[in-house]
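Note: hydrogens, waters and symmetry copies are ignored here, and every other heavy atom, side chains too, is used. Residue numbers start from 1 in every chain, and the chains themselves are labelled A, B, ... in the order their sequence lines are given, proteins ahead of strands.
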Amino acid sequence: MKISKEKFGQAFDALVADYKVIAPVSDGSGIAFTEVKSFSDVKQDYLNSKLPPKAFFFPQHEKLMSYKKEGKDVTVKSELKVENTILFGIRPCDAKGMLLLDKVFKNDQYTDPYYYERREKAVIIGLGCTKIAPTCFCSSFEISPAGSEGSDLFLIDLGDSYEVEVVTEKGKALADRLALAELTADEQALVDKIKSAETPSKIDVSNTTSKLDKMFNSPYWDTLQEKCLGCNVCSFSCPTCHCFDISEEVCKNEGTRVRTWDACMAPLFTLHGSGHNPRDNKKARWRQRLMHKFNYFVHNNGSMSCVGCGRCIKSCPVNMDIRQVVDGANKAELVVE
Amino acid sequence: MQQNPYLPITMKLVKNLVETEDRLINTFTLEFMNKQDEENFKYMPGQFAELSAYGHGEAPFGIATSPTEPGILKFSVAKVGCVSNALHLMEEGTMVGVRGPMGNYYPIEQFKGKNVVIIGGGFAFTTLRSLAKYMLDDKHRGDYGDITVIYGARNPGLLLYKEELAEWENNPNINLVTTIDRPAEGWTKHVGFIPSITEQIAPSSVDTYAVVCGPPAMIKFTLPVLEKLNFPPERIYTSLEMRMKCGLGICGRCNIGTEYVCKDGPVFSMAQLKELPNEY
């Protein structure tokens, strides 16, 4: 099915009344997902945003609760606020990233209400990639640059119109508000061509997990991390990184408990009160980063926690490239213990 | 567990007791404010909770009481950081926040019909006290064989729960061995480090589980002793500490390989730990 961009724009503007609508916008230094009021504000032609859209479910900084002390007494209040949200223009890598974060924020024992309530009230409108950046390598993880996995409604840009795929019930509810038409044979051929595309850059991860099973004590980690500055930008720009800190902001007798993005690459991340630190060196922290994404996460959740969006490659100040790091692990010699 | 696992319940600090002579460890007794909170807080020995000192933050501590002691929770906490310092200075009657219970617990079901040797050093005795107290309860004592507790500290003043230890000395249901590192005036019991005292006491490993908690050096030297006594790794348990924030297996900092100490631990058998990377 398809819809002309003009009609889609009108429907989009009507949705703004019922939903908080988030879409890619050019902010002068790149693309950012931002709340918009009109389709005319939406950037149509972009590779991907600087930061992943995970922040709409898992903000960089958010209040968990607030409290007020009076003498020895205290009153505590939850700060969970949820709005009906539409995220428009989510790329397939980021849509997959959300499916992976879902597994983290709802584990075998607990559900994180801050993440989940927002997630449940959000509709993802995915947008297939018709251009591919040199840092893109999503095809390594069975993600197609024009695949609809993780989206509720999925669009492919056909020039004057969008091809529309209804993926979930949530997506269907939105599609009911769109005047959809049939694709022509030429358009169908174009859609098929776009859908069959792969990222030219691909890494082989077929044996990476089992290789890493045997690599905790490998000398590979000794030199791997030497040029890393420990700046954390790779984690903050990653659509699947989920580590956070919980701290308190206090003013006189009132305060809020907040959570903030944190990263396993930070030296203080694992520092005990006693002074002991199980990951007190960069080697241990880089090993943790790679192991978590390509080994521990696979054992716990059944898939790798990398979607090949390439943001960490683009943003690294010392040009560390996760593709080379994985490739190096694939090729590293095993030490007999 | 509450619906929103990040929201603490409010409990009243009814007693703030200086536990050790060096004044570095206090035992906090917290009282549930209502029946509902207490019913929702069903816990077992070995579990922990996140304590909030409002205005300072929150930190995880092992629960020192046993579920057989209704109405209250106790925590024995060393003064090391922001939250623990605030708790130490807190006036009795102040309201604190509690999230939990969290983590797994000592496998007391497996212990049934077996002997249990509890080995503790220093202030790592808190959840071990919970375990011993639980098994000693009239309702449970019959489920277990011999209960031996080997507990040591640097000097007599650093032993936790001194009154209770004195009581256990004369209790036929428990075999208590206390030791201090170096001789001290007035001390008539064992002198020596935990590993050598364990070797000396030589508890039989037949039909016996061992639970070991203490400083890393103590554990490191006690394990070979237990091995020599023929305790298999599947029957040696310990409880680990890690820096934690959420306590729910989400915030990402307390993992050892694939396991999150907060959610999959803190209690692990030595057999489990052997399979995990040495990063704790």
Side-chain angles (χ1 to χ4, degrees), chain A residues 64-65 67-69 71-78 80 104-115 216-217 241-248 250 252-255 257 259 262-264 266 268-279 284 287-288 291-292 295-300, chain B residues 1 3-10 12-13 50 52-60 77-84 90-97 102-103 215-216 240-260 262-264 276-280:
Chain A
L64 296 177
M65 53 173 258
Y67 58 84
K68 194 172 181 180
K69 292 198 285 184
K72 290 177 176 176
D73 284 328
V74 66
T75 43
V76 177
K77 186 165 109 248
S78 165
L80 174 53
V104 173
F105 286 94
K106 186 178 205 157
N107 59 36
D108 54 344
Q109 295 175 33
Y110 300 102
T111 301
D112 186 301
Y114 300 86
Y115 176 91
F216 191 84
N217 294 316
C241 274
H242 59 83
C243 290
F244 59 82
D245 188 24
I246 297 177
S247 57
E248 222 140 295
V250 190
K252 291 183 183 161
N253 287 330
E254 292 180 41
R257 187 160 289 167
R259 82 163 152 201
D262 203 344
C264 61
L268 301 184
F269 188 62
T270 46
L271 179 66
H272 290 205
S274 64
H276 172 61
N277 191 346
R279 292 198 280 267
R287 178 172 57 197
Q288 164 66 19
M291 283 287 197
H292 183 227
N295 184 284
Y296 305 155
F297 202 89
V298 183
H299 288 305
N300 285 336
Chain B
M1 199 71 202
Q3 274 216 311
N4 179 345
Y6 291 95
L7 281 193
I9 56 166
T10 300
K12 187 195 251 180
L13 175 71
E50 293 266 3
S52 289
Y54 288 113
H56 303 275
E58 134 178 283
V77 174
K79 189 159 71 169
V80 291
C82 174
V83 176
S84 55
M90 199 174 271
E91 267 183 69
E92 289 175 357
T94 306
M95 298 299 175
V96 297
M102 287 163 168
L240 298 180
E241 288 199 328
M242 272 286 175
R243 180 167 194 173
M244 291 172 191
K245 289 287 176 173
C246 71
L248 313 170
I250 302 174
C251 80
R253 72 194 62 227
C254 70
N255 75 301
I256 306 171
T258 54
E259 306 301 298
Y260 286 100
C262 67
K263 155 177 99 67
D264 306 312
L276 293 177
N278 184 19
E279 193 177 66
Y280 48 91

| request: Say whether, by atom type as modelled, one donor and one acceptor occur between the side chain of B:R253 and the main chain of A:L271 under 3.5 angstrom. | output: no

Worksheet entry | B:Y54 (side chain) donor-acceptor with A:D73 (main chain) under 3.5 angstrom | no

Using a 4.5 Å cut-off on heavy atoms from C-beta on, say whether the side chain of [Y] contacts that of [X].
X	Y	answer
B:Q3	A:P113	no
A:Q288	B:E279	yes
A:R257	B:P8	yes
B:P277	A:R287	no

Largest heavy-atom contact set with chain B, pairs under 4.5 Å, which of [options]:
options	answer
A:T270, A:T111, A:L80	A:T270
A:H299, A:H242, A:K77	A:H242
A:G255, A:S78, A:C241	A:S78
A:V250, A:V76, A:D112, A:T75	A:D112
A:R259, A:H276, A:R279	A:R279

Of all the heavy-atom pairs spanning [X] and [Y], show the shortest one and how long it is.
X	Y	answer
A:Y110	B:P5	CD2-CB, 4.4 Å
A:E248	B:A53	OE2-O, 3.8 Å
B:G55	A:Y67	N-OH, 2.9 Å
B:C251	A:F269	O-CZ, 3.8 Å
A:N107	B:G249	ND2-O, 3.7 Å

Give, as side chain, backbone, both or neither, the part of [X] having an atom under 4.5 angstrom from any heavy atom of chain A.
X	answer
B:C246	both
B:E50	neither
B:M242	both

Only pairs of heavy atoms separated by less than 4.5 Å count here; which of [options] has the most with chain A?
options	result
B:L13, B:I256, B:V80	B:V80
B:N278, B:T258, B:V83, B:T10	B:T258
B:G93, B:G97, B:P216	B:G93

Using 0.5 Å steps for rounding, measure from the [atom1] atom of [X] to the [atom2] atom of [Y].
X	Y	atom1	atom2	answer
B:K245	A:D262	NZ	CG	8.0 Å
B:I250	A:Q109	CD1	CD	10.5 Å
B:K12	A:K72	NZ	NZ	8.5 Å
A:S247	B:H56	OG	NE2	14.5 Å
A:M65	B:S52	CE	OG	5.5 Å
A:F105	B:L248	CZ	CG	10.5 Å

*asked:* Ring-plane angle category for A:Y114 and B:Y6, please: parallel below 30°, perpendicular beyond 60°, tilted otherwise.
replied: perpendicular

Applying a strict 4.5 Å limit to non-hydrogen atoms, the region of A:E254 in contact with chain B is neither

So, the part of A:A263 with a heavy atom under 4.5 Å from chain B: the answer is neither

Go through A:D108 and B:K263 one step at a time and tell me if the side chain to side chain contact (heavy atoms under 4.5 Å, CB included) criterion holds. CA-CA 9 Å; A:D108 54 344; B:K263 155 177 99 67; 2.9 Å; yes

